[in-house]
Amino acid sequence: MANGWDALRQWGEDAVRIERLTGGVANDVWSVRVNGKVAVGRLGRRTDAGLAWETELIKHLDREGMHVPVPIPTTDGRLFLDGLVVMRYMEGGPPETESDWRRMADTLRELHRLTQGWPQRPGWRSSTDLLHAETGTRIDLAAMPPEGVMRCRAAWARLVGRQTCVVHGNPNSAANVRMTADRVALIDWDESHVDVPDLDLVLPGNAAGLDDRAYDIAAWEAAVSWPDEYSVRRLGEVWPV
């Protein structure tokens, strides 16, 4: 991805990378300096259509008062270029206490409220879409053992008919949260898409107060990550058919 960083020059002659940041899985994430201020640059392989969806979502959430990493435009007004997005740096630290995670759950529910009826991210599938489709973004059900697919689809079938909205996609990773005394910010929206809200709310300590529905998110994560060790373990948590 090194050559892709040449696009950073479109954010100004003084735009420069500072240091690589941890936490990015599918992307190359760095702190950068743009217009004399520290920001965050994320270089990945998402399509232009997917990045347009993501940046429009972030702008909407910002207008509605949520604390999100608003994209910083290039000098000619583009919000992304050649897979690179530059975003406002968000202050704060990860959630550490049960109270922190409950605040996180409240923030996620606000996200879900603000995005009911939102269109699906281009190229993505929701969990219920995968009852009939085999592929979607990083998911390929044909690569899973048939019995595992049956388990996942049985879990997803229990989600049919529920209201959908934007889900962050990976909120239970503390690295994706920046908290201060008076606000909660969600960062790294690379996995965001439209699905049922419970998939976002399986949080440490059951901070969202869910019923025992962990099999739903286990099914999703097993399918997304297959066949690594983590996904095999998550598949084992999906209830048998």
Side-chain angles (χ1 to χ4, degrees), residues 11 15 17-27 29-44 46 51-73 79-80 84-118 121 163-210 217:
W11 274 262
R17 279 190 286 175
I18 303 173
E19 63 178 345
R20 179 176 273 114
L21 301 175
T22 59
V25 176
N27 303 288
V29 183
W30 286 67
S31 60
V32 298
R33 185 173 292 107
V34 174
N35 299 322
K37 296 182 178 180
V38 175
V40 174
R42 190 191 80 201
L43 179 63
R46 296 295 186 211
L51 291 176
W53 182 96
E54 181 184 337
T55 52
E56 285 302 316
L57 168 68
I58 298 297
K59 287 168 57 182
H60 167 72
L61 297 176
D62 177 62
R63 288 192 298 266
E64 294 293 334
M66 289 193 68
H67 299 282
V68 288
V70 177
I72 299 169
L79 297 180
F80 54 88
L84 178 62
V85 185
V86 176
M87 299 160 281
R88 185 172 64 195
Y89 178 80
M90 306 301 291
E91 299 281 353
E96 297 176 345
T97 66
E98 291 183 11
S99 176
D100 287 345
W101 282 109
R102 286 194 294 271
R103 290 174 63 202
M104 175 66 171
D106 291 341
T107 300
L108 288 165
R109 288 194 170 102
E110 179 68 358
L111 160 67
H112 302 155
R113 183 186 71 81
L114 292 171
T115 58
Q116 291 177 13
W118 204 263
R121 188 172 190 152
Q163 188 172 54
T164 62
C165 58
V166 172
V167 294
H168 177 273
N170 191 19
N172 58 2
S173 169
N176 290 337
V177 189
R178 295 289 183 269
M179 307 188 82
T180 65
D182 60 352
R183 64 158 177 77
V184 178
L186 282 166
I187 62 173
D188 194 0
W189 292 77
D190 187 55
E191 298 287 329
S192 57
H193 60 284
V194 168
D195 216 312
V196 296
D198 278 4
L199 298 184
D200 253 356
L201 295 172
V202 182
L203 299 171
N206 195 20
L210 289 184
I217 189 65

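Reckoned from all heavy atoms, side chains included, excluding hydrogens, waters and symmetry mates.
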Residue pair Ile72, Trp11: steps toward the side chain to side chain contact (heavy atoms under 4.5 Å, CB included) verdict: CA-CA 8 Å; Ile72 299 169; Trp11 274 262; 4.2 Å; yes

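- Judged as a side chain to side chain donor-acceptor pair (under 3.5 Å), and not counting sequence neighbours, the contacts of Gln116 are Gln163.
- Annotation: side chain to side chain contact (heavy atoms under 4.5 Å, CB included) contacts of Pro204 (sequence neighbours excluded): Trp101, Asn172.
- Counting only heavy atoms from C-beta outward, the side chains of Leu61 and Thr115 approach each other to under 4.5 Å.
- Residues passing the salt bridge (Lys or Arg N to Asp or Glu O under 4.0 Å) test with Arg20 are Asp28, sequence neighbours excluded.
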Test log, rule side chain to side chain contact (heavy atoms under 4.5 Å, CB included), inputs Arg183 and Met179: CA-CA 6 Å; Arg183 64 158 177 77; Met179 307 188 82; over 6 Å; no

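- Using a 4.5 Å heavy-atom cutoff, the side chains of Met104 and Pro171 are in contact.
- Between Ala175 and Ile187, the shortest heavy-atom contact is O-CD1, 3.5 Å.
- With sequence neighbours excluded, the residues that form a ring-ring contact (aromatic ring centres under 6.0 Å, His included) with His168 are Trp189.
- Pairing each heavy atom of Pro94 with each of Ala174, the nearest pair is CB-O, 3.6 Å.
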From CA spacing to verdict: side chain to side chain contact (heavy atoms under 4.5 Å, CB included), Asn27, Leu43: CA-CA 6 Å; Asn27 303 288; Leu43 179 63; over 6 Å; no

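- In this structure, the salt bridge (Lys or Arg N to Asp or Glu O under 4.0 Å) partners of Arg121, at least two apart in sequence or on a different chain, are Glu54.
- How far CG of Leu203 is from OG of Ser173: 11.5 Å, rounded to the nearest 0.5 Å.
- Taking the six-membered ring for Trp and the full ring otherwise, the centers of Trp53 and His193 sit at least 6.0 Å from each other.
- Within the 4.5 Å cutoff, side-chain heavy atoms of Ser192 are placed close to those of Leu57.
- Annotation for Arg33: atom CZ does not count as buried by contact number, only 12 or fewer foreign heavy atoms lying within 6.0 Å.
- Here the closest non-hydrogen pair linking Arg103 and Val184 is NH2-CG2, 3.7 Å.
- In this structure Arg109 satisfies the side chain to side chain donor-acceptor pair (under 3.5 Å) test with no other residue, sequence neighbours excluded.
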Donor-acceptor contacts, no H, no angles, side chain residues 84-93, under 3.5 Å, sequence neighbours left out:
| residue | atom | partner | partner atom | Å |
| --- | --- | --- | --- | --- |
| Arg88 | NH2 | Val68 | O | 3.0 |

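- Panel note: side chain Arg46, backbone Asp190; a donor-acceptor pair is recorded below 3.5 Å.
- Between Ala105 and Ala207, the closest heavy-atom pair is CB-O, 4.1 Å.
- Between Leu21 and Trp30 there is no side-chain heavy-atom pair separated by less than 4.5 Å.
- With sequence neighbours excluded, the residues forming a salt bridge (Lys or Arg N to Asp or Glu O under 4.0 Å) with Glu56 are Lys59, listed by chain and number.
- When the salt bridge (Lys or Arg N to Asp or Glu O under 4.0 Å) test is applied to Asp100, no partner is found at least two apart in sequence or on another chain.
- Across all non-hydrogen atoms, the minimal contact from Ile58 to Pro71 is CG2-CD, 3.7 Å.
- For the residue pair Asn170/Asp188, the side-chain donor-acceptor check at 3.5 Å is not satisfied.
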Chi angles and distances behind the side chain to side chain contact (heavy atoms under 4.5 Å, CB included) call for Leu108, Leu186: CA-CA 9 Å; Leu108 288 165; Leu186 282 166; 3.8 Å; yes

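- Closest approach of Val29 and Arg42 over heavy atoms only: CG2-CG, 3.8 Å.
- Partners of Arg113 by side chain to side chain contact (heavy atoms under 4.5 Å, CB included), not counting sequence neighbours, listed by chain and number: Glu110.
- Checked against side chain to side chain contact (heavy atoms under 4.5 Å, CB included), Glu98 has the following partners two or more places apart in sequence or in another chain: Arg102.
- His112 pairs by the side chain to side chain donor-acceptor pair (under 3.5 Å) definition with Asp200, not counting sequence neighbours.
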